[in-house]
Amino acid sequence: MIVRITHASVVGPYRLELRFNDGVTKTVDLESLLVGPIFEPLRDADYFALVQLNRECGTVTWPNGADFAPEALHELDAVEQDQVI
């Protein structure tokens, strides 16, 4: 099965709640992945909140072209929404 994201929402600083086409739903923290010129703007909370679901690619994207492979996001450990950041 090709992993695709079917729903995404911002639930905290650098955190997304993601639902995948295999039924998995989890919250992931992307802070440690926001390195390099394309991801640096995502460190701003307002810009991070501009995330969109690209249904064609099945992943999350931002206006500057930043995105993550859905498989990589699927492999990230889940964090609790109320876990201290």
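These numbers were taken from a predicted model, which means no experiment stands behind them. For the numbers below, each heavy atom of this structure counts, side chains included, while hydrogens, waters and symmetry mates do not. One is the number of the first residue; the rest follow in order along the sequence.
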Inset, instruction - Output, in order, the C-alpha distance, side-chain angles, deciding distance and verdict of side chain to side chain contact (heavy atoms under 4.5 Å, CB included) for Asp67 and Trp62. - result: CA-CA 7 Å; Asp67 66 359; Trp62 284 266; 5.6 Å; no
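- Side-chain contact check for Val79 versus Arg15: some heavy-atom pair is nearer than 4.5 Å.
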Under 3.5 Å donor-acceptor pairs involving side-chain atoms of residues 34-53, not counting sequence neighbours:
from, atom 1, to, atom 2, distance (Å)
Arg43, NE, Leu34, O, 3.0
Arg43, NH2, Glu31, O, 3.2
Arg43, NH2, Leu34, O, 3.4
Asp44, OD1, Asp46, N, 3.0
Asp44, OD1, Tyr47, N, 2.9
Tyr47, OH, Asn64, N, 2.8

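- Side-chain contact between Leu18 and Leu73 is present, with at least one heavy-atom pair separated by less than 4.5 Å.
- Contact between Lys26 and Ala78 at its shortest, heavy atoms only, is CB-CB, 3.8 Å.
- In this structure, CD in Glu56 is found 11.0 Å from OG1 in Thr61, a value given to the nearest 0.5 Å.
- Contact annotation: the side chain of Ser9 approaches that of Glu17 to within less than 4.5 Å [non-hydrogen atoms, C-beta and beyond].
- Considering only heavy atoms from C-beta on, Leu16 stays 4.5 Å or farther from Val11 through its side chain.
- For Asp22, the side chain to side chain contact (heavy atoms under 4.5 Å, CB included) criterion is met by Met1, Phe20, Val24, His74, not counting sequence neighbours.
- With hydrogens and angles ignored, the 3.5 Å screen pairs a side-chain donor or acceptor of Asn21 with a backbone N or O of Arg4.
- For the residue pair Pro70 and Cys57, the shortest heavy atom distance occurs at CG-O, 4.4 Å.
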